[in-house]
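Because the structure is a prediction, the values reported are computed rather than measured. Nothing fancy with the numbering, it's 1 onward along the sequence.
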Amino acid sequence: MENLIERVETALNSVRPYLQTDGGNVKVVEITDDYTVKLELMGACGSCPMSSMTFKAGLEEAILKAVPEIRKVEALNLTPAF
């Protein structure tokens, strides 16, 4: 599981500079036994109305592309889109 966490972090590192530019970031909370990655959006990302788009098009896509073993990506504090 440690290798999976490292690979997920590497995938997120490709997206982090964009999040940090806007005052946000992301943290891996856990990877479950059924290969679900649970993320926490931090800083500005936690309350941004565009966070659901950032999550889907950026974070989820980067992880699933780089770590094919991962079956699902969830954000624990995703702001609902209006």
Side-chain angles (χ1 to χ4, degrees):
M1 194 63 78
E2 190 66 34
N3 182 36
L4 276 180
I5 293 171
E6 288 176 24
R7 291 169 55 211
V8 167
E9 287 287 353
T10 298
L12 291 174
N13 285 340
S14 69
V15 181
R16 273 195 174 102
Y18 303 105
L19 302 176
Q20 292 168 341
T21 297
D22 291 326
N25 208 337
V26 63
K27 176 174 93 172
V28 177
V29 175
E30 72 173 312
I31 299 177
T32 66
D33 291 337
D34 67 346
Y35 296 96
T36 298
V37 176
K38 296 190 178 188
L39 302 175
E40 179 182 357
L41 300 174
M42 301 167 53
C45 291
S47 60
C48 175
M50 298 300 289
S51 62
S52 60
M53 186 168 16
T54 300
F55 172 74
K56 275 299 214 192
L59 304 173
E60 182 180 52
E61 185 176 314
I63 291 170
L64 294 177
K65 184 176 180 181
V67 191
E69 299 93 326
I70 297 299
R71 295 191 181 126
K72 187 176 179 183
V73 182
E74 296 178 354
L76 300 177
N77 60 333
L78 193 62
T79 302
F82 294 99

Just to verify, what does [X] make a side-chain contact (heavy atoms from CB on, under 4.5 Å) with, not counting sequence neighbours?
X	value
Thr32	Glu30, Asp34, Thr36, Lys38
Lys65	none
Gln20	Arg16, Asn25

Exactly one of Thr54, Leu19, Leu59 clears side-chain contact (heavy atoms from CB on, under 4.5 Å) with Leu41, and that residue is Leu59

Original post:
Should Val15 and Val26 be marked as a side-chain contact (heavy atoms from CB on, under 4.5 Å) after you check the CA-CA gap, both sets of side-chain angles, and the distance that decides it?
Top reply: CA-CA 9 Å; Val15 181; Val26 63; over 6 Å; no

Note to self: Is it the case that over 12 heavy atoms from other parts of the model lie below 6.0 angstrom from the CG atom of Asn13?
What the structure shows: yes

- Would you say Ile5 and Tyr35 are hydrophobically clustered, going by side-chain heavy atoms of ILVMFWY under 4.5 Å? yes

Can Val29 be reached from Met42 by stepping across I, L, V, M, F, W or Y side chains whose heavy atoms are under 4.5 Å apart? no

Point to revise | Salt bridge present between Glu60 and Lys72 (N-O < 4.0 angstrom) | key: no

Does any part of the side chain of [Y], heavy atoms only, come nearer than 4.5 Å to the side chain of [X], both counted from C-beta?
X	Y	value
Ile70	Val67	yes
Leu64	Val73	yes
Val28	Glu9	yes

**Item:** Evaluation steps, side-chain contact (heavy atoms from CB on, under 4.5 Å), between Glu74 and Val37
**Value:** CA-CA 6 Å; Glu74 296 178 354; Val37 176; over 6 Å; no

